[in-house]
**Student:** 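Input: one structure, supplied below.
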Number of protein chains: 2
Amino acid sequence: MKENKEIPLAGVKEIARRADVSRATVDRVIHNRTGVSEKTRKRILAIIEELDYQPNVLARRLALASRGTVRLGVLLPSASEETEYWKAPLEGMNRAEAEIRQYGVLVSYYFFDQNLQSTFTAQVNRIINDALDGVLIAPIFEKESIQLLNHCKEKGIPCVLMNSDIPGMERLCYIGPELFDSGYLSAQLAHYCLQPGRKAVVVNIARKIKRNVAILEKVEGFQAYFREKDSEELLLSFHTTDTDYDSVASGLSALLEKEPQIGVLYVTNSRVVLVAEWLENIGRKDIILIGYDFLSGNIRFLEKGYIDFLICEKPQEQGYRGIMTLFRHLVFSVTAHEDYLTPIDIVTSANYKFYRN
Amino acid sequence: MKENKEIPLAGVKEIARRADVSRATVDRVIHNRTGVSEKTRKRILAIIEELDYQPNVLARRLALASRGTVRLGVLLPSASEETEYWKAPLEGMNRAEAEIRQYGVLVSYYFFDQNLQSTFTAQVNRIINDALDGVLIAPIFEKESIQLLNHCKEKGIPCVLMNSDIPGMERLCYIGPELFDSGYLSAQLAHYCLQPGRKAVVVNIARKIKRNVAILEKVEGFQAYFREKDSEELLLSFHTTDTDYDSVASGLSALLEKEPQIGVLYVTNSRVVLVAEWLENIGRKDIILIGYDFLSGNIRFLEKGYIDFLICEKPQEQGYRGIMTLFRHLVFSVTAHEDYLTPIDIVTSANYKFYRN
DNA sequence: GATGTTTTCGGGCGCGTGCCCGTAAGCCGT
DNA sequence: ACGGCTTACGGGCACGCGCCCGAAAACATC
């Protein structure tokens with residue numbers, strides 16, 4: 001009594017039968033190759049339309065496997081201790097790679113040092129030289145990234161940006177967060193938690209702040225929220241370009257002495273761990289601390305109660321989707337992809353156990 | 001100068017060549033079928049081990065496509081207006097179905113009415129009768145679900161539970177939230193937002209509360225948090241089995257009159273929309289409202305500012321993963337799946353635009 | 001040693017698609 | 001009428017794997 005009423009998903013053979021031609025002719029039409037008279041082409045196209053023909057991706061890729069391999073390249077920072085962050089996207093890419101290796105896809109990684117522009121440039125040149133079929137890049141250095149994007153455009157190589165966007169450039173799509181909203185959301189949390197009479201501090205800890213788009217946009221979003229709530233007078237800010245613990249600690253201690261009514265600290269990147277350490281050392285669990293990224297160090301302080309909220313933007317999924325987008329574009333010709341703005345997740349000590357990065 | 005150094009992923013042919021047998025013999029060993037002498041079997045197994053042979057899933061499934069179809073069944077509540085919630089899991093399942101249809105998988109849906117146990121029983125019987133290859137169920141009615149699980153166990157049919165678990169039963173895995181932690185997280189948010197001197201209310205709006213595991217566990221989690229913070233005296237509660245607006249509104253109005261210091265309302269399910277409506281009518285944006293599920297009605301009140309936090313557990317992904325887990329188990333023999341506890345997401349007016357259900 | 005039975009294995013087809021090669025029909029010029 | 005050339009199409013192999021059928025080899029029986 002099985003209900004085997006399933007439609008057998010008509011293939012090329014069925015189309016050929018109905019059009020009274022051979023499969024090869026249908027094939028020519030599907031790939032708009034030459035060698036088919038206009039009359040039969042029309043006829044076949046009509047039948048394809050009618051049957052809503054969907055090529056079998058398995059068979060297609062299997063057949064294509066003989067022809068050659070699709071070669072993807074990824075340009076991203078190497079995951080050092082300082083920037084453990086980049087381990088996550090890499091894991092996502094590896095996961096994607098494992099999934100699609102069967103389809104004849106090969107992924108090469110081009111790592112660079114975030115602090116050395118020269119390493120970036122060198123890898124850009126290697127990528128150009130290697131003549132890949134698709135490229136995924138984290139455009140940390142804007143100028144050189146634009147150069148690479150232009151090269152890809154010229155050669156018709158699809159290119160996906162991740163982590164941060166370069167507005168106005170031609171590319172397949174951008175995969176990453178909307179940074180302004182990320183700051184705006186943090187401000188909302190801060191505002192909810194702010195007890196009467198207390199103030200909030202925006203804390204920037206980074207080598208270069210003025211040029212760092214990621215930080216600037218977040219700060220703007222944060223301030224925008226307080227402005228909307230007519231609470232701008234509650235905002236303080238603290239910047240330091242020294243990223244070691246001592247500089248951060250002494251700077252914050254000085255600030256706290258001058259402004260004892262601090263209730264919330266918002267750190268614009270994953271260096272929040274330094275601030276958490278400081279809070280632990282001065283024994284102030286009552287100050288709300290908001291920061292970024294699902295990293296082991298941050299999680300530890302989340303558990304201890306010194307970090308209250310971590311904002312996370314699914315870096316692993318960013319890597320996974322980046323590869324998959326290129327794959328689908330190249331192998332299955334699924335181009336209709338707009339930008340993918342990652343969710344902005346709130347992680348606390350109560351839900352971090354279930355978080356998927 | 002292309003680096004085509006990739007290992008060609010040795011297939012059955014290569015194994016056969018090295019073992020000096022035909023591909024058919026290798027095939028017999030791979031599927032541990034009879035008809036191979038112990039000596040050659042050992043030899044072939046050694047080579048398989050050595051080459052770390054991974055069968056090409058595309059080719060495998062393509063070849064299998066002729067034999068027959070893998071038939072999956074899903075038992076879930078029909079998405080009525082009242083329970084729009086179930087639209088999301090269904091969408092996820094449809095997405096999964098579209099993705100794996102190429103692999104010869106057919107999904108049948110067995111809908112029941114959440115308020116009528118008889119419809120559940122009827123569908124259980126249909127499932128048993130239809131002799132499916134795999135089953136995904138939302139075990140709303142526990143007793144009948146156990147009956148179905150036992151039947152599956154007997155027949156060796158893999159079975160995945162979703163949305164809520166039945167502890168102690170044999171099944172492939174559970175996909176859904178950890179309800180206790182869901183309540184616990186809500187309490188944390190409530191506690192953060194609670195201004196001095198204000199109180200929090202647990203609001204249950206459901207036909208049957210005492211028997212509803214989902215609600216009870218959440219309430220327990222919520223209370224546990226306040227107990228840990230020694231703030232139990234700040235907790236009130238409100239229950240109603242009448243799920244219409246008027247009952248909810250008049251009940252809450254009475255409560256508010258008696259306890260004017262209410263600062264937070266925690267509604268344990270998606271009926272939070274009724275409470276939001278009430279807050280709008282009495283014009284009280286200052287009361288923090290926490291509720292469940294990413295539904296259009298709830299989102300509207302999130303935008304307006306009457307709902308502050310929505311807790312969401314990725315229902316769409318639950319459906320997607322449910323189907324995919326069965327698929328991978330049946331087609332690719334990827335059994336090593338433990339339970340998948342979905343993330344517990346916090347959605348506010350500032351990040352809902354980016355949320356993926 | 002002839003015949004039956006079991007064990008062990010190879011050949012070959014099919015899954016749906018991509019693509020190369022061959023070929024018949026039509027056209028043109030001489 | 002014949003050779004050369006283009007156009008339009010069909011036949012057939014390959015991709016990697018599953019599986020059926022039949023054959024060879026080994027063994028058993030009289």
Side-chain angles (χ1 to χ4, degrees), chain A residues 6-45 48 51 53-70 100-105 330-333, chain B residues 6-45 48 51 53-70 100-105 330-333:
Chain A
E6 44 174 315
I7 311 111
L9 286 179
V12 173
K13 194 152 70 177
E14 174 64 13
I15 298 174
R17 199 186 57 79
R18 297 204 189 197
D20 195 33
V21 292
S22 80
R23 299 174 318 146
T25 305
V26 176
D27 186 74
R28 274 181 273 265
V29 173
I30 289 172
H31 298 88
N32 12 280
R33 251 173 266 145
T34 60
V36 185
S37 69
E38 200 51 37
K39 208 175 63 180
T40 48
R41 156 168 267 115
K42 287 257 167 117
R43 184 157 39 102
I44 291 172
L45 279 175
I48 288 178
L51 291 179
Y53 167 70
Q54 302 280 88
N56 185 316
V57 289
L58 285 87
R60 166 169 290 183
R61 190 55 223 167
L62 183 61
L64 248 33
S66 52
R67 294 294 302 156
T69 313
V70 175
I100 61 180
R101 211 179 30 204
Q102 306 266 9
Y103 293 80
V105 177
L330 288 166
V331 176
F332 298 145
S333 306
Chain B
E6 46 174 315
I7 311 109
L9 286 178
V12 173
K13 193 153 70 178
E14 175 64 14
I15 298 173
R17 199 186 59 78
R18 298 205 188 195
D20 196 32
V21 292
S22 81
R23 300 174 324 160
T25 306
V26 176
D27 185 74
R28 274 181 271 266
V29 173
I30 289 172
H31 298 87
N32 17 278
R33 249 173 267 144
T34 60
V36 185
S37 69
E38 199 52 37
K39 208 175 64 182
T40 49
R41 155 167 267 115
K42 286 256 167 116
R43 183 156 40 101
I44 291 172
L45 279 175
I48 288 178
L51 292 178
Y53 168 70
Q54 302 279 83
N56 185 317
V57 289
L58 284 87
R60 166 169 290 184
R61 192 55 222 166
L62 183 61
L64 248 33
S66 52
R67 295 296 304 157
T69 313
V70 175
I100 61 180
R101 212 180 29 205
Q102 306 266 7
Y103 293 80
V105 177
L330 288 166
V331 176
F332 299 146
S333 307

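Proteins get letters first, then strands, A, B, ... in listed order; numbering begins at 1 in each.
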**Student:** Give each protein N/O atom lying under 3.5 Å from an N/O atom of nucleotides 5-8 of chain C, with the pair distance.
**Tutor:**
none

**Student:** Between B:Tyr103 and B:Leu64, is there a side-chain heavy-atom distance shorter than 4.5 Å?
**Tutor:** no
**Student:** Rounded to whole angstrom units, what separation is found between the CZ atom of A:Arg33 and the P atom of C:dT17?
**Tutor:** 14 Å
**Student:** Look at B:Tyr103 and C:dC15 and indicate whether a side-chain polar atom (N or O) is within less than 4.0 Å of OP1 or OP2.
**Tutor:** no
**Student:** Between P on D:dC19 and CG on B:Asn32, what's the gap in Å once rounded to a whole number?
**Tutor:** 12 Å
**Student:** Looking at D:dG18, D:dC17, C:dC19, which one has an atom nearest to any side-chain atom of B:Leu64?
**Tutor:** D:dG18
**Student:** Starting from C1' on D:dG10, measure out to CZ on A:Arg17 and report it in whole angstrom.
**Tutor:** 18 Å
**Student:** Which distance, rounded to the nearest 0.5 Å, do you find between the CD1 of A:Ile15 and the CZ of A:Arg23?
**Tutor:** 12.0 Å
**Student:** Figure out the NZ/P separation between B:Lys13 and D:dG18, and round it to whole Å.
**Tutor:** 15 Å
**Student:** Hey, which of B:Ile30, B:Val12, B:Ile44 is the one that makes side-chain contact (heavy atoms from CB on, under 4.5 Å) with B:Thr25?
**Tutor:** B:Ile44
**Student:** Which of residues 21-31 of chain A have a heavy atom under 4.0 Å from DNA chain C?
**Tutor:** A:Arg23, A:Asp27, A:His31
**Student:** Rounded to whole angstrom units, what separation is found between the CG atom of B:Asn56 and the P atom of C:dG16?
**Tutor:** 17 Å
**Student:** Nearest 0.5 Å, what's the CG-CG distance between A:Leu58 and B:Asn56?
**Tutor:** 9.0 Å
**Student:** Quick one: does A:Lys13's side chain get under 4.5 Å of A:Val26's, heavy atoms only?
**Tutor:** no
**Student:** Give a yes/no on whether any side-chain N or O of A:Tyr53 is located under 4.0 angstrom from OP1 or OP2 of C:dT17.
**Tutor:** yes
**Student:** Rounded to whole angstrom units, what separation is found between the CG atom of B:Leu58 and the C1' atom of D:dA14?
**Tutor:** 15 Å
**Student:** CZ of A:Arg61 versus P of D:dC17: gap in Å, rounded?
**Tutor:** 15 Å
**Student:** Rounded to the nearest 0.5 Å, how far does CZ of A:Arg60 lie from CG of B:Leu62?
**Tutor:** 13.5 Å
**Student:** Any side-chain heavy atom of A:Arg18 sitting closer than 4.5 Å to one from A:Glu14?
**Tutor:** yes
**Student:** Separation of A:Leu62 atom CG from D:dC17 atom C1', in whole Å?
**Tutor:** 9 Å
**Student:** Do B:Val70 and B:Arg61 have side chains that get closer than 4.5 Å, going by heavy atoms?
**Tutor:** yes
**Student:** Is there side-chain contact between A:Lys42 and A:Leu45, with at least one heavy-atom pair below 4.5 Å?
**Tutor:** no
